[in-house]
Amino acid sequence: MTTASLGAGGVQMLENQLTDEQVPTPTRRKVKRKTWQTLIWFIALTAITLIVLYPLVWLLFATFKPNSEFGQSIALLPNNPTLDNYIKVSEGIAGVPMWRFFLNSLIIAVGSVIGTVLSSALAAYAFARIQFKGLGILFAAMIGTLLLPFHVVIIPQYIIFNNLDMVDTFWPLLLPKFLATEAFFVFLLVQFMRQMPRDMDEAARIDGAGHVRIFWSIILPLIKPALITCSIFAFIWAWNDFLGPLLYLTSPENYPLPIALRLYNDQTSSSDYGATVTASFIALLPVLLFFLVFQRFLVDGVATQGLKG
């Protein structure tokens, strides 16, 4: 049968029939397949999120449990909710108010951030933008310190700070941060600076700028995402540090929060689980808020590592 014998109306009907039978069927199947895949991924990610967040949710509800329910009930919600744990924690322990522990942790964390960012940025600039003899050997030695366990240098460091009469002060915890001892942050900033074109340095030198001016006016503004990433990690690591304060701090009034939490279990023969859980949750809040506020900068800092200048 030819197109001429069908006529204009027959041709139109044939085209509509072919269009209805051939085109929509694969499209509907494809959309249906994508819908099921999206639904499966949504369910899987929701389940993973609930598993990850469950300890935090349990910790929150456990702050309202009396001591008698710990170890006896596995229920998420407390049977007899109480605010006694918060009242007990607010009163402090060992004659030291809770705000003092917070202040000590804040001093250590903020001081660590300042020292780590400044010293690591300066060291990274030297490795990334200045050519000198022994550059490769020194950089390899710095990277090698990442393989050196912290426990290896505990005794020598303690002897040094003890001879300097710095034990039971914040100096042993803060002074190394100002000496670029964190090789991880130096390496991160070095990799970030190496991606920047050296044409900017050469143009600045033509205008009479030295290393200090180049570092302060050109490099620092461009590595802001990396600096914020280092600040986030340095703050979280210093806030949660337990071993360092345990070694160098002996007076309760100098304890940060991680060491103060131990007092609720060591002061008597019985442990106060309610106060311990409540103090742990309160100590977690600043880190959680700090991360939520600066998480955008953290993502930007990690994402820009793959960009070339």
Side-chain angles (χ1 to χ4, degrees), residues 46-113 168-170 172-174 231-295 298:
T46 302
I48 295 174
T49 303
L50 293 176
I51 294 174
V52 172
L53 293 180
Y54 177 79
L56 183 62
V57 175
W58 182 91
L59 185 66
L60 172 61
F61 287 112
T63 60
F64 300 100
K65 289 183 178 182
N67 284 328
S68 58
E69 294 188 17
F70 286 94
Q72 298 181 1
S73 175
I74 61 174
L76 179 64
L77 299 177
N79 297 326
N80 300 306
T82 179
L83 294 176
D84 292 342
N85 296 327
Y86 286 94
I87 297 175
K88 189 180 301 182
V89 169
S90 63
E91 295 174 351
I93 192 171
V96 182
M98 179 57 64
W99 66 263
R100 182 61 182 268
F101 299 134
F102 264 94
L103 180 61
N104 294 336
S105 292
L106 190 63
I107 293 174
I108 295 174
V110 174
S112 298
V113 169
D168 200 23
T169 65
F170 295 149
L173 303 175
L174 296 178
S231 300
I232 293 174
F233 282 108
F235 182 88
I236 294 176
W237 291 354
W239 186 273
N240 294 329
D241 186 22
F242 179 83
L243 183 59
L246 181 65
L247 290 175
Y248 296 110
L249 301 179
T250 58
S251 302
E253 58 270 14
N254 292 330
Y255 284 172
L257 282 171
I259 306 299
L261 295 178
R262 188 189 60 168
L263 298 177
Y264 290 100
N265 295 323
D266 291 348
Q267 60 176 345
T268 61
S269 57
S270 60
S271 298
D272 193 344
Y273 295 111
T276 303
V277 170
T278 304
S280 301
F281 179 76
I282 295 175
L284 179 64
L285 289 179
V287 177
L288 183 61
L289 295 176
F290 187 86
F291 179 79
L292 292 177
V293 171
F294 293 99
Q295 64 173 339
L298 176 62

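Keep in mind that the numbers below use all heavy atoms, side chains included, and drop hydrogens, waters and symmetry copies.
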Would you call [X] and [Y] a side-chain contact if the rule is heavy atoms closer than 4.5 Å?
{"X": "Leu56", "Y": "Leu284", "value": "yes"}
{"X": "Leu261", "Y": "Ser280", "value": "yes"}
{"X": "Leu246", "Y": "Arg262", "value": "yes"}
{"X": "Phe242", "Y": "Ile259", "value": "yes"}
{"X": "Ile93", "Y": "Phe101", "value": "yes"}

Should Leu83 and Phe64 be marked as a side-chain contact (heavy atoms from CB on, under 4.5 Å) after you check the CA-CA gap, both sets of side-chain angles, and the distance that decides it? CA-CA 6 Å; Leu83 294 176; Phe64 300 100; 3.6 Å; yes
Over 60° means perpendicular and under 30° means parallel, so tell me whether Phe233 and Trp237 are parallel, tilted or perpendicular.
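It falls in the tilted class, 30° to 60°.
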- Task: Decide if the gap between the ring center of Phe170 and the ring center of Tyr248 is smaller than 6.0 angstrom.
- Result: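 For Phe170 and Tyr248, the ring centres are not under 6.0 Å apart.
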Taking all non-hydrogen atoms of both residues into account, name the closest pair between Leu59 and Thr63 and its distance.
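It is O-CG2, 3.2 Å.
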Discussion item. Asp168 vs Ser251, test: side chain to side chain donor-acceptor pair (under 3.5 Å). Steps then yes/no.
Written reply: CA-CA 7 Å; Asp168 200 23; Ser251 302; 2.6 Å; yes
How many angstroms lie between atom [atom1] of [X] and atom [atom2] of [Y], to the nearest 0.5 angstrom?
{"X": "Tyr273", "Y": "Thr278", "atom1": "OH", "atom2": "OG1", "value": "14.5 Å"}
{"X": "Trp99", "Y": "Leu106", "atom1": "CH2", "atom2": "CG", "value": "12.5 Å"}
{"X": "Leu249", "Y": "Ile108", "atom1": "CG", "atom2": "CD1", "value": "6.0 Å"}

Do the side chain of [X] and the main chain of [Y] share a donor and acceptor less than 3.5 angstrom apart?
{"X": "Asn85", "Y": "Lys65", "result": "yes"}
{"X": "Asn104", "Y": "Glu253", "result": "yes"}
{"X": "Trp239", "Y": "Leu257", "result": "no"}
{"X": "Ser105", "Y": "Phe102", "result": "no"}

Identified side-chain contact (heavy atoms from CB on, under 4.5 Å) counterpart of Ser112 within the set Leu174, Ile107, Asp241
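Exactly one option meets the side-chain contact (heavy atoms from CB on, under 4.5 Å) with Ser112, and it is Leu174.
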